[in-house]
Structures are given as structure tokens and as C-alpha cells.
Q: 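One structure is given below, represented as C-alpha cells, and several questions about it will come after.
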Amino acid sequence: MIIAELDENSEGLHSLPQEQHDAPDSIAGAPARSLLAAIIESSDDAIVSKNLDGIITSWNQGAERLFGYNAHEAIGSPVTILIPPDRQDEEPRILERLRRGERVDHFETIRLRKDGTPLNVSLTISPVRDDTGAIVGASKIARDVTAQRLAAEALRDSKEELRRLNEELEIRVAERTGELLQIVDRLNGFTYSIAHDLRQSIRGVVINAQMLSAHHSEHLDEEGLEELKSLSESGKRLANLVDDLLSYARTSDQVVRKEWVDFSAMAADVSREAEKKHKDCHIDIQEHVTAEADPNLLRLVLENLIDNACKYRSGDEPAEVTIGRQNGAFYIRDRGIGFESEYSTRIFEPFERLHPVGRYEGSGIGLANVRRVLEKHGGRIWAESEPGKGSTFYFTLSPS
Ligand code: ADP
């Protein structure tokens with residue numbers, strides 16, 4: 001609903017007698033005046049005018065519908081009948097501005113209907129001048145914004161409700177996460193103690209098998225000795241698997257404490273162990289390479305990658321391994337058996353093995369653990385390989 005106040009004494013528009021106010025200069029002649037009057041009268045909008053004393057001088061049917069007063073009741077009354085008691089000070093301020101020749105644009109306020117119901121309106125009020133340029137009244141356009149106001153309030157309420165629900169949800173999620181973490185903690189403790197006991201028992205079996213073989217082999221035939229050997233080897237494999245699983249479980253909740261590490265020195269240290277373990281493994285390390293990493297976790301990464309580089313070679317061929325840094329990524333390169341590039345993602349999943357256990361010892365946990373450790377650092381690992389030509393494992397220790 002639009003409400004406009006015009007200081008106009010036009011035909012057809014309910015208005016004060018001519019002597020009570022002047023005609024506006026904007027309406028040139030009688031035909032124009034009657035056209036304007038027709039528009040105003042037939043408009044669905046409420047159109048009202050007042051003089052500079054704040055007395056209503058015209059009142060159309062739209063105004064009747066909106067405010068509930070008929071023209072007879074409204075014309076000649078002060079415009080303050082439309083203003084709630086706690087907003088009466090608005091009218092003098094509006095009149096003051098009008099007298100200074102200022103406009104009031106989109107002034108959002110509350111007005112009253114005849115039955116006292118409040119109405120949200122947005123007012124635009126402009127001064128009207130006579131032929132001499134003197135301000136004689138005001139034209140006012142106002143919009144009934146009750147619906148928008150209600151919609152805005154409903155929106156605000158919904159947002160507030162949503163915010164409250166979010167807060168509640170976050171608290172509930174935090175509580176449940178806390179409970180779950182406690183359960184995970186208990187389960188981890190349980191897993192550790194079982195794995196620990198299991199490892200002790202397996203070691204016991206392996207040691208007994210070795211003692212049996214050492215001290216009582218003369219009581220066993222060829223087949224018995226073979227079975228004893230296989231029992232001892234299976235036991236060792238099982239013990240290694242439990243060790244790897246324990247290491248994998250440990251890295252899951254390990255906190256990363258980064259510091260500057262002499263990467264070359266650490267790689268050399270790990271390589272010496274690998275060269276002792278694997279026959280004919282030659283490792284060449286780039287000098288003066290440093291890394292920002294958790295030293296214990298970086299060692300675990302190097303141990304796994306260097307061990308694999310020495311391990312996965314064909315027959316009795318020596319292993320040639322190079323280690324260094326290139327384009328911001330660390331690398332461990334071998335000239336071993338390699339693998340098809342289609343497996344270059346799968347090998348980082350737990351228990352994914354491409355080569356037979358009998359020929360190459362392993363549990364399939366190592367690379368999964370390496371990936372987890374590097375991701376905890378914010379880095380990543382990837383591999384390039386070709387069967388028969390060798391593999392290169394690249395990794396970073398921070399987001400690139
Ligand atoms: P594993 O204990 O079997 O060595 P890993 O998780 O370390 O387990 O490696 C997963 C699989 O990826 C290995 O079983 C092997 O098939 C393949 N792989 C890892 N490193 C190499 C490498 N340097 N050359 C060829 N294959 C490799």
C-alpha cells in the first residue's frame with residue numbers, strides 16, 4: 001500500500017476548502033489537476049496531504065481503507081491522530097525538515113489505524129512549494145511494510161533458531177566425540193595389551209622351536225626338521241605382522257612434533273642398518289639435505305622405504321638405491337623389480353601386497369603406515385614405477 005500526502009485541493013479528492021491551503025505549483029492547469037485527482041482517487045494506495053501545521057488537507061479512498069478513518073473524519077484533523085503516543089515527537093521533526101525544504105526518504109516507522117492497530121510504514125515526504133517558491137505543505141509517499149517487517153522478523157527468528165540449533169548440535173557432537181574418543185582410547189589400550197601378549201607368546205613358540213631344533217634334532221627325521229623350520233619361520237612372520245600392526249596402531253594417535261632434521265644423516269644411519277640386513281645393497285645419498293619433520297616419524301618413513309628399495313629386486317642382483325631431494329620432494333629410487341603403474345595407489349592401502357610372501361617377506365602394512373605419517377605432517381606420498389626397471393617413491397612433509 002502506498003500513501004502519498006499532497007498539499008492539493010484537487011477536484012474529486014476529499015480536501016479542505018480552498019481558503020485553508022494553497023494549490024501546489026507542480027500542477028499546471030485544470031485538466032492536469034483533474035487527471036491527477038482521478039489517479040489519486042482511484043489509486044489503491046493511501047494518499048494523504050497535510051499543511052505545514054500538520055493538519056490533514058486531503059484523504060483518498062486508499063487512505064480510508066488503510067487507516068479506517070473516512071475523509072470526513074480525517075480532513076481537518078491533525079496528522080498526529082495516526083501517530084502512536086510514543087512517536088509523537090516524530091511529527092515536529094518531520095515538519096521542521098519540511099520547512100527547511102528537505103525531503104525525508106524511506107523513513108521506517110509505525111502508524112496507527114483508527115481501531116488502534118499498529119501499522120509498519122516506510123515514508124517518503126517532500127515539501128511542496130507555491131508559485132512564489134514558498135513551502136506550503138507536503139507530499140508524502142508511504143509504503144505499508146507490515147508484511148515485509150513480519151517476514152524480516154520471521155527470518156531473523158528462524159536464523160536465531162538455526163543458530164541455537166547449530167550451537168546445540170555442536171555441543172552434542174562434542175559430547176559424543178568425547179565419549180567416542182574415550183571408547184577408542186579404551187579399545188586402543190585393549191588392542192595394545194592383546195598384541196603385546198600375543199607377541200610374547202609367538203616369540204615363545206619361535207624360541208622353543210629353535211631350541212628343539214638345536215638340542216633334539218637327532219630325534220627328528222628330515223621331514224620333522226623341515227616342519228620345525230617352517231613352524232619357526234611362520235612364527236617369525238606372525239611376530240613381525242603383530243609388530244607392524246602395533247606400529248600402525250601407534251601412529252594413528254601420534255602427535256607430530258616438527259623440527260629441523262639432518263635428512264642426509266638420518267638416511268645414512270637407516271641405510272647402514274638396511275645394508276647390514278640386505279646383502280649387496282648399495283645406497284647413495286645426496287648430501288646436505290635437511291627436512292622439517294618429526295624425527296621419530298621421519299625415521300619410520302625412511303626405514304620402510306629404504307627396506308623396500310633394498311628388498312624388491314630380482315634374484316641375486318645387487319640393489320642400487322639413490323636418496324635425495326628433487327623439485328621440493330624427497331625421493332627413494334631403486335632399480336629393482338618395480339610394478340605396474342596401475343597399482344601405484346593400491347600399494348598404500350593396508351595389507352595390499354603385489355609380490356609373493358614366500359619370495360619377499362612383509363606384512364603389507366609398511367606403506368600404509370608411511371602414508372598416514374606423511375599425511376599427519378600435511379604432506380603426501382606417490383610412486384612411479386615400471387616392471388623390471390625399478391621404482392621411485394616421492395614424498396613431501398608439508399602441503400605443497
Ligand atoms: P610389505 O611389508 O609387503 O613390503 P609395504 O606396505 O611396504 O608392504 O608395500 C606394499 C607392497 O608394495 C609390497 O608388498 C610390494 O608389492 C609393493 N612395493 C613396495 N615397495 C616396492 C618397491 N620399492 N618396489 C617394488 N614393489 C614395491
Side-chain angles (χ1 to χ4, degrees), residues 195 198-199 202 233-252 254 267 270-271 273-286 296-326 329-377 379-396:
L198 201 60
R199 189 169 54 171
I202 298 164
E233 276 167 6
S234 306
K236 276 189 212 159
R237 269 204 298 277
L238 203 54
N240 286 339
L241 174 63
V242 172
D243 280 349
D244 286 350
L245 279 172
L246 269 175
S247 161
Y248 189 63
R250 258 184 236 119
T251 52
S252 80
Q254 198 137 349
V270 173
S271 297
E273 293 301 311
E275 282 165 345
K276 269 190 234 161
K277 182 176 165 193
H278 301 278
K279 212 163 51 113
D280 276 339
C281 181
H282 310 296
I283 305 175
D284 187 35
I285 302 163
Q286 184 184 341
N296 294 329
L297 294 176
L298 181 60
R299 177 172 281 271
L300 187 146
V301 168
L302 289 175
E303 280 170 355
N304 272 286
L305 295 179
I306 294 173
D307 188 60
N308 281 351
C310 292
K311 185 167 65 172
Y312 292 106
R313 56 178 136 152
S314 67
D316 289 336
E317 271 182 23
E320 300 293 340
V321 180
T322 47
I323 300 175
R325 195 158 105 165
Q326 184 185 315
F330 301 92
Y331 66 86
I332 282 94
R333 179 171 295 130
D334 64 61
R335 309 228 168 276
I337 51 174
F339 53 85
E340 296 286 354
S341 58
E342 64 190 276
Y343 298 119
S344 59
T345 313
R346 233 173 73 181
I347 52 171
F348 296 105
E349 297 298 325
F351 303 115
E352 285 292 344
R353 305 200 75 235
L354 307 178
H355 303 100
V357 185
R359 172 71 184 85
Y360 300 98
E361 289 288 313
S363 58
I365 300 283
L367 286 182
N369 212 9
V370 165
R371 183 179 74 171
R372 177 187 276 178
V373 163
L374 294 170
E375 284 175 355
K376 271 176 167 272
H377 276 77
R380 64 189 188 99
I381 182 163
W382 67 101
E384 287 171 5
S385 188
E386 212 184 315
K389 295 240 165 105
S391 318
T392 306
F393 285 79
Y394 297 93
F395 67 86
T396 58

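Counting starts at 1 for both ligands and their atoms, in listed order.
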Q: Checking a contact table here: which protein heavy atom is nearest atom 19 (C) of ligand 1, and how many Å away?
A: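 Here the nearest protein heavy atom works out to Asn308 ND2, 3.5 Å.
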Q: Under a 4.0 angstrom heavy-atom cut-off, which atoms of ligand 1 come close to Phe393?
A: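 Matching atoms, with element in brackets: 20 (N), 21 (C), 22 (C), 23 (N).
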Q: Minimum heavy-atom separation for Arg313 and Tyr360, please, with both atom names.
A: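 Closest approach of Arg313 to Tyr360, heavy atoms only: O-OH, 2.9 Å.
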Q: Within this structure, what is the CG-CG distance for the pair Asn308 and Leu367, rounded to the nearest 0.5 Å?
A: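 One finds 5.5 Å between CG of Asn308 and CG of Leu367.
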Q: Drop me the distance from Arg372's CZ to Ile365's CD1, to the nearest 0.5 angstrom.
A: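 One finds 9.5 Å between CZ of Arg372 and CD1 of Ile365.
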Q: Would you say Arg335 has more than 12 foreign heavy atoms packed within less than 6.0 Å of its CZ?
A: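 Count not over threshold, so no.
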Q: What atoms in ligand 1 come closer than 4.0 Å to a heavy atom of Gly364?
A: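 Near Gly364, the atoms of ligand 1 are 1 (P), 2 (O), 3 (O), 6 (O), 8 (O).
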Q: Measuring from non-hydrogen atoms of Phe348 to any atom of ligand 1, is the shortest distance under 4.0 Å?
A: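 Contact check Phe348 vs ligand 1: negative.
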Q: Within a distance under 4.0 Å of any heavy atom of Leu367, pick out the atoms of ligand 1 and give their elements.
A: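 Counting from 1, the qualifying ligand atoms are 5 (P), 6 (O), 7 (O), 9 (O), 10 (C), 12 (O), 19 (C).
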Q: I'd like to know if the side chain of Thr396 reaches the main chain of Ala329, judged simply by a donor and an acceptor atom lying under 3.5 Å from each other, with no hydrogens or angles considered.
A: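 No, the answer is negative, given that no donor and acceptor are paired below the 3.5 Å cut-off.
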Q: With atoms numbered from 1 as shown, which atoms in ligand 1 lie under 4.0 angstrom from a non-hydrogen atom of Leu354?
A: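 The atoms of ligand 1 under 4.0 Å from a heavy atom of Leu354 are 14 (O), 16 (O).
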Q: Could you check which of Asp244, Ile365, Ile347 puts a non-hydrogen atom nearest to atom 12 (O) of ligand 1?
A: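 That would be Ile347.
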Q: Please give me the minimum heavy-atom distance between Ser385 and Gly338, naming the atom from each residue.
A: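 The answer is OG-CA, 3.2 Å.
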Q: Given 3.5 Å as the limit, does a donor-acceptor pair link the side chain of Tyr312 with the main chain of Gly390, or not?
A: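 Here the side-chain-to-backbone pair does not exist.
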Q: So between Arg335, Arg353, Glu352, whose heavy atom ends up nearest atom 10 (C) of ligand 1?
A: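 When every heavy atom of Arg335, Arg353, Glu352 is considered, Glu352 comes closest to atom 10 (C) of ligand 1.
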Q: Go through ligand 1 atom by atom and flag the ones less than 4.0 Å from a non-hydrogen atom of Ser391.
A: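 Counting from 1, the qualifying ligand atoms are 22 (C), 24 (N), 25 (C).
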Q: What protein heavy atom is closest to atom 23 (N) of ligand 1, reported as residue, atom name and distance in Å?
A: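 Minimum-distance protein heavy atom for atom 23 (N) of ligand 1 reads Asp334 OD2, 2.9 Å.
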Q: Could you pull out, from Tyr360, Tyr312, Tyr343, the option with a heavy atom nearest to atom 27 (C) of ligand 1?
A: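 Comparing heavy atoms across Tyr360, Tyr312, Tyr343, the nearest one to atom 27 (C) of ligand 1 lies in Tyr312.
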Q: Would Glu361 count as a contact of ligand 1 if the rule is a heavy atom under 4.0 Å away?
A: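 Glu361: no contact with ligand 1 (<4.0 Å).
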Q: What heavy-atom pair brings Ala195 and Val242 nearest, and what distance separates the two atoms?
A: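 That would be O-CG1, 3.5 Å.
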